[in-house]
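All remarks here apply to the structure that follows.
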Amino acid sequence: MGTGPFTFVEYVPGSHWIGKKNPNFFRKDRPYLDSFRAVFITDDAARVAAIRGGRSLIDFRTINPSAADDLQRAMGDQVVIEQMPLLSGETAEINTLRKPFDDPRVRRSLTLAVDRWGGAQALSQVTYFRGVGMSMRPGSQFAPTDDQLKTVAGYGPDIDKSRAEAMQLLKDAGVGSGFSFTLSDRNVEPFPTMGIFLIDQWHRIGLNVDHQVMETGPYTEAQRAGNFEVYVGAIGDFADDPDQQLARSISKDRSPANYGGYIDRTLDDLFDRQSREQDPDKRKQIVFDFDRRLYDEMAYKLMGLWQQRIVARSSRVHGWSITPSYYINDITDIWLSA
Amino acid sequence: VQRYLLTRIALMVPTLLGVAVATFVLLRVAPGDIAVLHLGGEGGIVTPADIQAERARLGLDQPLWLQFITWIGGLLHGDLGRSMWTDRPVSTEVSLRFGLSLELAILALVVSLCVALPMGTLSAVARNTPLDYAVRIFSVGGLAMPAFWLGILLILFLLILFRWSPPVSFTPLLVDPLANLSQLVWPALAVGYRSAAVLARMMRSALLEVLREDFVRTARAKGLREQMVVTRHAARNAVLPVVTLAGLEFATLLGGLVVTEQVFNLNGLGKLLVDAISHRDYTMTQALVMLTGTLFLVTNLVVDVGYAWLDPRVRLGR
């Protein structure tokens, strides 16, 4: 659009966009396509059926692994499945102003209870969840290595040891076995899946968690009003940039997206330092220090799992490269074979 | 007749006013704020000042009574307002989808009537025979099976057997009738099955009742053939409650096919209403509820008038 490879033809709300080749595009031999039609399909099964029936040639949103396997089985070499870690992951945001979550020991126990490595292995068979990480997308420039991660609470290789520590912390904090609280959640996938996973993990250290699934309106209102104990939140950005990913986790008085309610000047200082740092290696270390304080020492929130972007496209489509965000798709170089 | 129609139309006004007040109040009472969802629904970082400015832009900082009067005033002038979510005129958004929903509702109703009337009749005439049992199993299946699930099965059936799926974007009937039908016939079958089940059961029970009436015995005593007794005398009387039910089904089909629309990727009114509610798009939701309410009232009126046409014993207005 605009000075891009295609110009606007038609937009029908809820249905589709149509664009046609921009004859004045600055790259004279591009784009290859004369036009495109981008169809909005909200239902997962309908999107997969559209690829399988040849009604669409590529699906920019991610599809789940079992649907990808089905497509591969049904279409053979007529479909190409590509995947990479998506810049989106689910978190658990804790209301640090409410008892007993004002006690770091209780919050730390929540993260220690979660078997991320085992969860990623199991859930990646049937859901979008695959990556283990903290604030930065796994495998991205500023993300820690797996060895570094394993030194952080809740990321250790021995889950039994972690859970034993979690139960001891709960006991020390005076929170007895069978303690109940509510996990607020959004009624849009993959939020409920993450909610169910976390509830199962917390049940293993003796916590009883009520799963309250809401539509988006009441869900966001509850966050803003501080009317929650713990809720399933999300990171969803378009660039691997620590400024973007960490901004929602600094102090409440600096970030309107911090619904946990905490003020932590150490975190703020680390955020500012990484933002100013020009050496990528040093910046990566500061980001790690930030995450260690956020997820381990103070455990203000916890990271669940990161998602995988799985894109199905017809083998007729060439010249497209997968990106870690479905917000960004360059179709300039796409061409179709017969 | 004219007086009856005028009275019925006049009675629609307080009904619609009640619908308007209830919709307006319930939407404001429900938790959720379009300003918050608009600016930060997908995790964006927004300040309270941004939200306040957005609320002011949408007119939500006005007193409730003023918002209501402004909206009703617009309605009386034929102005449905602008969608708070897309900022496009509500009438444009609705007209984009109304054709599809209307066509789908008509197709589904035609499918259901074509199936239900003969099946319900055969089932009643052949009561407690294997044919009757088969029809009853068919109709229980239709009631038990969600239309969207049947829709998914239909799509899979087409994909697996024919490697074909319905088109994913809508083509109007007048532009390309074949493409249009190839897309809409499948959802019409899926939702028509449920309606057919409802109507077939009603047809069967109504016909069984009528077949016990004295005039049917008289017709048989006159020596009329059974086919004539059923089609000419009994079925005409039995069809009256089916007509009422079909009218209500039609109004439901017009705006209530939310999940089926998603399964077949149809950009219809049901999907628009669900999106509007989840976005807390007050103007759009209010307009769609008023539209649905009006359709129900008009359908009821048409059904009542049709009743009198079908049954001369019914005297309008008495």
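Values below: all heavy atoms of this structure, side chains included; hydrogens, waters and symmetry mates excluded. Naming convention: chains lettered A, B, ... in sequence-line order (proteins, then strands); numbering from 1 in each chain.
Shown here is A:Y11, whose OH atom has more than 12 heavy atoms of other residues, nucleotides or ligands within 6.0 Å. Open room surrounds CH2 on B:W149; 12 or fewer heavy atoms of other groups in view lie less than 6.0 Å from it.
Proximity to chain B is absent for every atom of A:M214, based on heavy atoms less than 4.5 angstrom apart. Neither the backbone nor the side chain of A:A225 comes within less than 4.5 Å of any heavy atom in chain B. The part of B:I51 that comes within reach of chain A is its side chain, from C-beta onward, which places non-hydrogen atoms under 4.5 angstrom from that chain. Contacts of A:A49 with chain B are made by both backbone and side-chain atoms, with heavy-atom separations under 4.5 Å. Heavy atoms of A:R47 lying under 4.5 Å from chain B are absent altogether. Neither the backbone nor the side chain of B:I152 comes within contact range of chain A; no heavy atom of the residue lies under 4.5 Å from a heavy atom of that chain.
In terms of heavy-atom pairs under 4.5 Å with chain B, the best-connected choice from A:G217, A:A46, A:A74 is A:G217. Contact count against chain A (heavy-atom pairs under 4.5 Å) is highest for B:R280 among B:E93, B:H279, B:R280. In terms of heavy-atom pairs under 4.5 Å with chain A, the best-connected choice from B:T86, B:I155, B:V263 is B:V263. Between chain A and the options B:S278, B:P166, B:G151, heavy-atom pairs under 4.5 Å are most frequent for B:P166.
Look at B:K271 and A:D43 and you find no salt bridge, because none of the NZ, NE, NH1 or NH2 atoms lies under 4.0 Å from a carboxylate O. A salt bridge between B:D61 and B:R55 is absent, with no side-chain N of the basic residue lying under 4.0 Å from a carboxylate O of the acidic one. Between B:D281 and B:R82, none of the side-chain N atoms (NZ, or NE/NH1/NH2) sits under 4.0 Å from a carboxylate O, so this pair counts as no salt bridge.
Both the sub-6.0 Å distance and the 45° axial angle are not jointly satisfied by A:R224 relative to the ring of A:Y259.
No donor-acceptor distance shorter than 3.5 angstrom exists from the side chain of B:R194 to the backbone of B:A147, with no hydrogens or angles considered.
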